[in-house]
2 protein chains.
Amino acid sequence: MKDVASAAGVALKTVSRVVNDEPGVHPATAARVREAIDRLGYSRNESARVLRAGRTSTVGLVIEDLADPFYSALGRAVEDVVIGEGCLLLSASSSEDPARERELVRTFCARRVDGLIMVPAGHDHSYLRQELEAGTPAVFADRPPEPGLDVDTVLCDNAGGAELATRHLLAHGHRRIAFLGDDPSIFTAARRLHGYRSAMGHLYDERLVAMRTPTPGSVRADLERMLLLDRPPTALFTGNGRVTVTALRALEGRRMALAGFDDFELADLLAPGVTVVAQDPAGMGRIAAELLFRRLSGDDAPSRHVTLPVRLIPRGSGELPP
Amino acid sequence: MKDVASAAGVALKTVSRVVNDEPGVHPATAARVREAIDRLGYSRNESARVLRAGRTSTVGLVIEDLADPFYSALGRAVEDVVIGEGCLLLSASSSEDPARERELVRTFCARRVDGLIMVPAGHDHSYLRQELEAGTPAVFADRPPEPGLDVDTVLCDNAGGAELATRHLLAHGHRRIAFLGDDPSIFTAARRLHGYRSAMGHLYDERLVAMRTPTPGSVRADLERMLLLDRPPTALFTGNGRVTVTALRALEGRRMALAGFDDFELADLLAPGVTVVAQDPAGMGRIAAELLFRRLSGDDAPSRHVTLPVRLIPRGSGELPP
DNA sequence: GTGAAAGCGCTAACAA
DNA sequence: TTGTTAGCGCTTTCAC
């Protein structure tokens with residue numbers, strides 16, 4: 001900036017004025033400055049501006065895995081809002097590891113991001129309290145924080161969706177409906193189990209429930225165990241997109257009614273099409289980002305908690321008879 | 001830092017030494033400083049450090065669309081390398097819009113990212129030259145820059161892969177093989193057409209080729225047109241993952257041999273399984289990031305150009321007889 | 001082993 | 001309309 005100033009024969013502050021489109025610069029002077037800027041290939045050093053201004057115009061996003069279609073859709077939606085607000089997005093994957101998440105958040109905060117959007121892993125975010133008090137707002141998406149931490153949240157209707165899917169299978173005549181879920185310490189997995197359970201009512205049988213991190217091996221084993229029961233399941237409710245896909249593979253073409261939580265690409269092209277309860281990851285990301293920018297523009301109302309609806313998409317697999 | 005210094009009764013510089021693990025601080029003093037740091041909840045302002053140090057420890061990634069599985073896999077791999085090097089990743093989607101890409105790159109450079117990784121859109125990256133000369137290295141992934149711009153690149157063997165897929169269909173007895181590609185101004189689309197063409201040799205018939213941005217409507221129309229020919233195609237080679245999926249929908253269960261460029265989730269679960277030529281987006285991202293960090297650690301050898309191999313995965317659809 | 005002073009590139013406040 | 005000065009929070013240099 002100093003170089004531009006001397007090249008244009010003006011003071012440094014005048015260059016600053018031109019760069020920032022501040023009023024009160026003679027057009028001729030401005031033109032001279034711009035010419036010098038072009039000639040020298042100058043571009044303002046944002047690091048310095050940020051240091052002065054205090055705001056970095058940067059938002060940090062921590063999700064479980066950028067490569068997962070659910071989270072990448074969420075991330076893209078966040079990105080669009082963030083860029084639209086003239087900010088930039090730092091993104092990182094926690095790999096569902098609380099320690100890594102914490103480290104990432106710490107790094108983001110050291111960089112003085114203006115705000116955080118996160119899909120939390122683990123159940124202790126007390127380390128965030130300091131940052132929140134220091135004025136860095138955070139929005140939790142997909143999963144809420146532990147009680148006591150007061151932040152905006154965007155969740156989907158996990159229990160309602162699970163109930164919807166389960167009732168759908170019940171309505172098609174099934175009484176023995178298995179639930180393949182996930183590690184119950186994950187909020188969404190627990191809520192979906194809850195919804196399944198209340199839909200099943202007195203038909204609930206814990207032998208038809210598997211709650212652990214789904215791997216091809218575990219899903220296969222759980223299925224086999226259930227199929228060997230006296231009264232084996234005639235239908236399957238899978239608790240998230242990953243489980244659904246893993247279960248489809250494990251079924252190896254065995255014809256069995258199936259409904260899954262989360263939509264996925266090509267669900268319609270399988271034979272039969274896979275009936276799902278779909279949520280809207282892009283909507284979730286967009287709303288999370290919008291909530292964040294509300295805070296950034298000074299909104300200090302009590303924390304907001306948005307619950308997004310889900311919808312059932314019947315495609316064939318969930319309508320198979322027992 | 002000033003506050004910590006006075007709280008600990010030392011000079012600012014001593015705090016700086018402790019924070020940076022510099023040698024030559026008395027353990028007792030260091031302990032006192034650390035205690036003050038904890039008590040005050042101090043964390044170093046990276047913006048200020050960056051301003052002083054000149055390096056931001058930040059890498060910028062510009063891809064077409066974060067939500068596309070190919071690019072999100074690439075992005076995740078880049079992220080892992082970047083975080084592993086102690087840096088952070090700014091990511092943004094160009095939406096295949098050269099103007100937006102340019103704006104994003106400009107913004108990244110104004111933030112003084114240490115380096116850029118990009119999947120280029122458009123064919124004019126002359127605006128990068130200035131940044132390259134200023135010492136900000138860039139690596140192009142998936143597509144090369146226009147001739148004359150000298151940067152490291154990581155591409156896959158587009159022509160070879162297309163040839164492989166086409167020869168596979170030929171080997172299974174097909175003579176009328178259609179190619180559904182993409183806008184030929186996209187580098188990968190052009191190279192794949194080239195590979196298809198050389199495999200077809202004298203069997204090449206331009207009426208069996210469609211090169212435009214694939215939409216459900218366009219793919220359906222192109223297919224219908226070809227199927228009405230005197231000698232309609234008995235097999236289909238689709239030029240990328242998006243086209244493959246769109247074509248599968250357009251075929252509506254019509255039984256036709258098909259091989260596609262790019263692997264995709266669930267390709268194995270369709271009936272028949274979809275034969276593909278698979279590339280490795282994660283490997284591409286990882287290598288791009290590694291090339292970048294080589295440059296950042298001072299490597300100024302002539303630009304490197306990596307070509308990744310592809311592999312054919314027969315799953316049934318490509319082995320159907322004419 | 002510790003500290004004082006200068007300065008990274010910019011903007012806010014004030015002066016001319 | 002333009003310029004001068006101070007200072008954002010840190011690191012580097014050099015002196016104690």
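Just so we're on the same page: letters track the sequence lines, and every chain starts at 1. As the structure is a computational prediction, the values presented were derived from the model and not from experiment. Heavy atoms only: backbone and side chains are in, while hydrogens, waters and symmetry mates are out.
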Counting heavy atoms from C-beta on, name the nucleotide in dA12(C), dC10(C), dA4(C) closest to the side chain of Asn45(A). dC10(C)

Nearest-neighbour nucleotide for the Glu22(A) side chain, dT2(C), dA12(C), dG9(C) considered: dA12(C)

Given dC10(C), dT2(C), dC8(C), which nucleotide is nearest the side-chain atoms of Leu51(B)? dC8(C)

If only side-chain N and O atoms of Ser16(A) are considered, is one of them under 4.0 Å from the OP1 or OP2 phosphate oxygen of dC10(C)? no

Do the side-chain N or O atoms of Thr29(B) get closer than 4.0 angstrom to the phosphate oxygens (OP1, OP2) of dG1(C)? no

Side chain of Asn20(B) only, please: which of dG3(D), dC10(C), dT11(D) is the nearest? dT11(D)

Find out whether Leu104(A) and Ile83(B) are in side-chain contact, i.e. whether some heavy atom of one side chain is under 4.5 Å from a heavy atom of the other. yes

Rounded to whole Å, CG of Asp3(A) lies from C1' of dG9(C) at a distance of 11 Å

Taking the six-membered ring for Trp, are the ring centroids of His123(B) and Phe187(B) within less than 6.0 Å of each other? no

dC8(D) C1' sits how many Å from Lys2(B) NZ, rounded? 10 Å

Looking across every strand, which nucleic acid part, if any, lies under 4.0 Å from Ala48(B) by heavy atom: base, sugar-phosphate, or nothing? base

Over all strands shown, is Val10(A) touching base, sugar-phosphate only, or nothing at heavy-atom distances under 4.0 angstrom? sugar-phosphate

Just how far, in rounded Å, is P of dC8(C) from CE of Met1(A)? 14 Å

Whole Å only: how far is the CZ atom of Arg17(B) from the P atom of dC10(D)? 15 Å

Quick one: are Val10(B) and Val15(B) in side-chain contact, heavy atoms under 4.5 Å? yes

Give a yes/no on whether any side-chain N or O of Thr14(B) is located under 4.0 angstrom from OP1 or OP2 of dT2(C). no

Which part of the nucleic acid, if any, lies within reach of Ser47(A) when heavy atoms closer than 4.0 Å are counted: base, sugar-phosphate only, or nothing? nothing

Between P on dA4(C) and NZ on Lys13(B), what's the gap in Å once rounded to a whole number? 13 Å

So, does the side chain of Arg52(B) form a donor-acceptor pair with the base of dG9(C) at under 3.5 Å? no

Can you identify which nucleotide, out of dT11(C), dG1(C), dC10(D), has its nearest atom closest to the Leu12(A) side chain? dT11(C)

Side chain proximity check, Asp182(B) to Asn240(B), heavy atoms < 4.5 angstrom: yes

pair Leu88(A)-Ser57(A): side-chain heavy atoms closer than 4.5 Å: no

Just the rounded figure in Å: distance from C1' of dC8(C) to CZ of Arg112(B). 12 Å

Out of dT1(D), dC10(D), dC10(C), which has the shortest distance to the side chain of Arg49(B)? dC10(D)

